[in-house]
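Note: hydrogens, waters and symmetry copies are ignored here, and every other heavy atom, side chains too, is used. All ligand and atom numbering here is 1-based and tracks the order in the structure. Remember, predicted model here, so these are calculated numbers, not experimental data.
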Amino acid sequence: MKAWAVLLLFAVANAKHEQYQGWKSYFVKPSNNVQLKVLGSFVEKYGIDFLSSPAVERNGLALVKPEVHEDFIKSLEDYGIAYKIHAKDVKAQLDIDDEVIETRRRESRGMKNGTIPLDNYLELEEIYDYIDYVAEQYPDLVTILHAGDTFEGRPIKYIKISTTNFEDTNKPIIHIDGGFFGRDWITPSIVLYALQNLTQSDMLDDYDWILAPVINPDGYKYSFTNDRFWIKTRSTDQHLLSGLCPGVNINRNYDFFWNTVGTSNTPCADNYAGSRALSEKESSALNGALVDLISRIVLGISLHDSGSSILFPWSHDGSLSNHAFALQSVGVSIADTIYSNSLPDFPRYIVGNSALVTGIEKSGTGIDYAHMLGIPLTYNLRVPGIEEGTEGFHLDPEYIEQVAKETWAGIVVGARRAAELFGRTRN
Ligand SMILES: *[C@@H]1O[C@H](CO)[C@@H](O)[C@H](O)[C@H]1NC(C)=O
Ligand SMILES: *[C@@H]1O[C@H](CO)[C@@H](O)[C@H](O)[C@H]1NC(C)=O
């Protein structure tokens, strides 16, 4: 009986991740900007998916389909780009990852006495339970904002935290979001850590906060149940082929140079921009939640996985905005604070313009759109991820708490700097 159960479990476990049979992953390390640009062009040329974006002298992690494998390696060699195998068998590695997470889940302490469990990646249900719990515990501070429903009908829940119910219009607002991409599993944990900390800190005296732990709940869910590397939404109404290839990349769906660069018109591509700007309920929900408050929002941070970098507009062409100096300077303050709270094994953060640091131009991003609307400081903050010498496709869950704490420490400093620079002048 027992043996049967084990066998059955094994069969079920192995039926997962079938789509990654024969795929491989590589660390790639460009040594200059030319090589960086070449790697960027491989997204389109070979359908390479960078799980962690490369930067000059900084490893990226490239996910490679079997049918382009040979050409990809040949191109790396032709251009003299350094590379190293990460997973020889992506599916097998994903099966191992699942076991690690499942084992931890069985041993997890769960939510105890109102403390968010930071010892494992959080399921969507756990995230929503925690938000509901905090809203109940702190009714005077915490309000759940039902920002809309997803394509598959899940609620999109944000959190507003304020000692004055957002009525003191002199208070600057800070916005933090996670879960833009389904697969960015660590990011909701950081947002919820921020929520927990805010209910107990003095950061509410001077600021109001909008937290969005999971921008893309359908994609988040799907990356747990079906496809570990899923990034898009799950809409099927965008294109004739959307039934076959659902979903839109929300971070290409915003109304700023929409669908002009670094995007695709094919719904099967990861960078599919949708049928029009703001076509997705998930992207318009965020827009709707922020738009009336734009004049008070001084800092917007979108958490992504991974790459230890703080990236700012403009993402579509690498040019600098009027606030470039403040963006760079506050970005460096955030990075320095994270560094001084970090572990020696984590790489130092890179701060800079998104297109220049990653070598990839892309239009319709959330940070560009929010910056265009008037938020002076908007960042993609990519947290530490997989490093050479580690296996698997996520940071070991034992580091979630560390990443949450150090990132939050950085955000606190960023909030103070942002309010000094932009708090009073913009009202
Ligand atoms: C749970 O939290 C409450 C309030 O913060 C505290 O008074 C109590 O001692 C805690 N209980 C445990 C078992 O940690
Ligand atoms: C909240 O975060 C701040 C900044 O990182 C930290 O100094 C403080 O200890 C945290 N408070 C709690 C209760 O965790």
### Message
To check your reading of the model: name the closest protein heavy atom to atom 13 (C) of ligand 2, its residue, and the distance in Å.
### Response
Q200 OE1, 3.1 Å
### Query
Can we say R228 and D97 salt-bridge, meaning some charged N sits less than 4.0 Å from an Asp/Glu carboxylate O?
no
### Proximal atoms of ligand 2 relative to Y193 (non-hydrogen, under 4.0 Å)
14 (O)
### Message
In the structure I gave you, are the side-chain heavy atoms of P347 and R58 within less than 4.5 Å of one another anywhere?
### Response
yes
### Task
On the 0 to 90° scale, with breaks at 30° and 60°, tag the F224-W185 ring pair as parallel, tilted or perpendicular.
parallel
### Task
For atom 11 (N) of ligand 2, find the nearest protein heavy atom and state the residue, atom name and distance (0.1 Å precision).
N197 ND2, 3.0 Å
### Query
Between R105 and E99, is there a salt bridge with N-O shorter than 4.0 Å?
no
### Query
Can you check whether H323 and F422 have ring centres sitting under 6.0 Å from each other?
yes
### Task
Using protein heavy atoms only, decide if any is under 4.0 Å from atom 2 (O) of ligand 2.
yes
### Task
Give the numbers and elements of all ligand 2 atoms closer than 4.0 Å to a heavy atom of A409.
5 (O)
### Task
Check for a donor-acceptor pair, side chain of Q196 on one end and backbone N or O of I116 on the other, with a separation under 3.5 Å.
yes
### Query
Just heavy atoms, cut-off under 4.0 Å: does S201 contact ligand 2 by side chain, backbone, both, or neither?
neither
### Task
For ligand 2, find out whether one of its N or O atoms is nearer than 3.5 Å to an N or O atom of K405.
no
### Query
Is atom 5 (O) of ligand 2 less than 4.0 angstrom from some protein heavy atom?
yes
